[in-house]
Number of protein chains: 2
Amino acid sequence: MIYSSELIKGTLKTIILKLLRDNPRMYGYEMTQRVKELTGDKIQLTEGALYPTLHAMEAEGILQTESEYIGKRVRKYYSLTPKGKTKGEEKISELADFLETMKFLIGAQTSIS
Amino acid sequence: MIYSSELIKGTLKTIILKLLRDNPRMYGYEMTQRVKELTGDKIQLTEGALYPTLHAMEAEGILQTESEYIGKRVRKYYSLTPKGKTKGEEKISELADFLETMKFLIGAQTSIS
DNA sequence: AATTATACATCTGTTTCTTATGTATTAGCA
DNA sequence: TGCTAATACATAAGAAACAGATGTATAATT
């Protein structure tokens, strides 16, 4: 099963922050592979969504970059700024809370007794 | 805490389907109140999002309506069509699965061992 | 030699929602 | 009684976020 795209919307930034909380630095392509691997192909980060988001987060001062050459090919590593670490904790716990609320909502009997 | 809006995006249809799976019929305003109540004000369905979505789902053949007059005021009740019941089961279990995957992703150690 | 994987990037369009606005009835309160 | 809040519907303009396509280029595999 691959989730319908609208479901994944809104979680991308938090996923990036989570990855970079656990890893000192990662590059874009690596993120797509890690998420794919961790979710058994259920979540695939598309490049058209990922790269603009990474750029935006860098512009916000949440992420910082360092480019390295691997042979002749550039690889752009991202890591959290201090601001990004704070933001990361916030967004991750917000998502955890949201997941619980949604789980309750889906599991609960929503009819009036 | 009220969740940042982007997090709730994509879950609206499934929430509607869940409510109407548990209740034979509901009207729009009632849905906003029930969700608000069930989530302790954490999720507020806005009318600008809700009504167009209800109309779209009716046009898709997922929902059917019956209007009633309460005094002089019209109240529009929504209920699931047979197609809607099938769709509802699908979307609800997809969301449940997604929540588990995200919970795992947030909880897991995403770094390489 | 050709294909696949790696690795970056941008752009157009679509979907989905937010915010604002509008209309009207009913209930509660001062 | 007059005012405000709640009930209940609706639409419309714009923003946000993403999908899908396309582009470039190097490296690895078959």
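We name chains A, B, ... by the order of the sequence lines, and we start the count at 1 in each one.
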Using whole Å, report how far [atom1] of [X] lies from [atom2] of [N].
X: B/Ile8; N: C/dC17; atom1: CD1; atom2: P; value: 10 Å
X: B/Ile15; N: C/dT16; atom1: CD1; atom2: C1'; value: 14 Å
X: A/Ile16; N: D/dA17; atom1: CD1; atom2: P; value: 12 Å
X: A/Tyr69; N: C/dC8; atom1: OH; atom2: P; value: 13 Å
X: A/Glu30; N: C/dT6; atom1: CD; atom2: P; value: 11 Å
X: A/Tyr29; N: C/dC8; atom1: OH; atom2: P; value: 10 Å
X: A/Gln44; N: D/dG20; atom1: CD; atom2: P; value: 11 Å
X: B/Ile43; N: C/dC17; atom1: CD1; atom2: C1'; value: 15 Å

Exercise: identify the closest heavy-atom pair between [X] and [Y]:
X: B/Phe104; Y: A/Leu38; value: CE2-O, 3.3 Å
X: B/Leu19; Y: B/Met26; value: CB-SD, 3.8 Å
X: B/Arg34; Y: A/Thr110; value: NH1-O, 2.9 Å
X: B/Leu95; Y: B/Thr14; value: CD2-CG2, 3.6 Å
X: A/Ser4; Y: B/Lys91; value: OG-NZ, 3.9 Å

Review point. Which ILVMFWY residues can you reach from A/Val74 by hopping between side chains whose heavy atoms are under 4.5 Å apart?
Key: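 Its cluster mates, by chain and number, are A/Tyr69.
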
Point to revise | Contacts of type side chain to side chain donor-acceptor pair (under 3.5 Å), residue A/Lys42, not counting sequence neighbours | key: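 Testing A/Lys42 for side chain to side chain donor-acceptor pair (under 3.5 Å), a comparison that skips the adjacent residues, returns B/Asp97.
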
Check your understanding: Taking for each residue the nucleotide of DNA chain D bearing the nearest heavy atom, is the 5' side occupied by B/Tyr27 or by B/Lys9?
Key ->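 Nearest nucleotide further toward 5': that of B/Tyr27.
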
Check your understanding: Going by an N to O cut-off under 4.0 Å, is there a salt bridge joining B/Glu30 and B/Arg25?
Key ->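 A salt bridge is absent here (no side-chain N lies under 4.0 Å from a carboxylate O).
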
Practice item. Decide, yes or no, whether a salt bridge links B/Lys13 with B/Glu94 under the criterion of side-chain N to carboxylate O below 4.0 Å. Key: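 Salt bridge absent between B/Lys13 and B/Glu94.
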
Measure the spacing between [atom1] of [X] and [atom2] of [Y] and express it to the nearest 0.5 Å.
X: B/Thr39; Y: B/Ile43; atom1: OG1; atom2: CD1; value: 5.0 Å
X: A/Phe98; Y: A/Thr11; atom1: CZ; atom2: OG1; value: 9.5 Å
X: B/Leu54; Y: B/Tyr27; atom1: CG; atom2: OH; value: 13.5 Å

Check your understanding: Per the end-axis method with five pairs at each terminus, what is the bend angle of the helix from C/dA1-D/dT30 to C/dA30-D/dT1, to 10°?
Key ->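 Result, rounded to 10 degrees: 30°.
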
Check your understanding: Of A/Arg75 and A/Glu6, whose closest DNA chain C nucleotide lies nearer the 5' terminus?
Key ->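 With A/Glu6 and A/Arg75 compared, the 5'-side residue is A/Arg75.
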
I'd like a table of atom pairs between the protein and nucleotides 27-30 of chain D - only N or O on both sides, under 3.5 Å - with the distance next to each one.
unit_1 : atom_1 : unit_2  : atom_2 : d
D/dA27 : OP1    : A/Lys72 : N      : 3.0

Review point. Among residues 47-66 of chain A, which contact DNA chain C at a heavy-atom distance under 4.0 Å?
Key: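 Result for residues 47-66 of chain A: A/Glu47, A/Gly48, A/Tyr51, A/Pro52, A/His55, sorted by number.
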
**Study point:** Sorted by number, the residues of residues 83-90 of chain A with heavy-atom contact under 4.0 Å to DNA chain D
**Key:**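 Per residue number, the list is empty: none.
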
Check your understanding: Looking at C/dA5, C/dA9, C/dC17, which one has an atom nearest to any side-chain atom of A/Lys76?
Key ->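 Nearest to the side chain of A/Lys76 among the choices is C/dA9.
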
Exercise for review: Please tell me which of the listed nucleotides, C/dT16, C/dA9, C/dT18, lies nearest to the side chain of B/Ser5?
Suggested key: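 The nucleotide sitting nearest to the side chain is C/dT18.
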
Point to revise | Check: A/Leu50 and A/Ile16 side chains under 4.5 Å, non-hydrogen atoms | key: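 Yes, side chains in contact.
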
**Study point:** Heavy atoms of other groups near A/Lys76 NZ, more than 12 under 6.0 Å
**Key:**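 Count over threshold, so yes.
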
